[in-house]
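Excluded from the calculations below are hydrogen atoms, water molecules and symmetry mates; all remaining heavy atoms, backbone and side chain alike, are included.
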Amino acid sequence: MEDKRFTLFGTDLEKIPCFKRTFTVSIYTGLAAGLGHFLFTSKVKRSTDLAMLSFTVTNLGYWGKLLRL
């Protein structure tokens with residue numbers, strides 16, 4: 001049986017340092033920020049925007065910190 005790899009545009013993402021940890025932390029941070037904002041304000045679009053913003057900022061910041069860029 002052939003071993004399946006997680007690839008994107010031909011790049012094996014498992015070989016990128018800290019990929020799994022960075023995306024896990026980013027997803028949970030975005031989810032917590034968006035859900036928390038929605039529970040306090042009940043504004044769907046703004047909560048979604050905040051969730052995507054916090055995901056992106058956390059993703060780039062955490063990855064940059066781990067790779068020491």
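In this structure, the side chain of T58 does not engage the main chain of S26 through any donor-acceptor pair within 3.5 Å.
Taking Ile, Leu, Val, Met, Phe, Trp and Tyr as hydrophobic and joining them when side-chain heavy atoms fall under 4.5 Å apart, one finds V57 in a cluster with L53. Within the hydrophobic cluster formed by Ile, Leu, Val, Met, Phe, Trp and Tyr side chains joined at under 4.5 Å, directly or through other members, L39 is accompanied by L35. Other members of the hydrophobic cluster containing F38, listed by chain and number, are V44; membership follows side-chain contacts under 4.5 Å among ILVMFWY residues, whether direct or relayed. Members clustered with L50: none, using a 4.5 Å side-chain heavy-atom cutoff among hydrophobic residues.
A distance of 14.5 Å separates OH of Y28 from CZ of F23, quoted to the nearest 0.5 Å.
Residues G34 and A51 come closest through the heavy atom pair CA-CB, 3.8 Å. Here the closest non-hydrogen pair linking H37 and K43 is ND1-O, 4.5 Å.
For R21, the side-chain hydrogen bond (donor to acceptor under 3.5 Å, both in side chains) criterion is met by Y62, not counting sequence neighbours. Taking the side-chain hydrogen bond (donor to acceptor under 3.5 Å, both in side chains) definition, one finds that T48 meets it with nothing, sequence neighbours left out.
When T29, T22, I27 are each tested for a side chain to side chain contact (heavy atoms under 4.5 Å, CB included) with V25, only one passes: T29.
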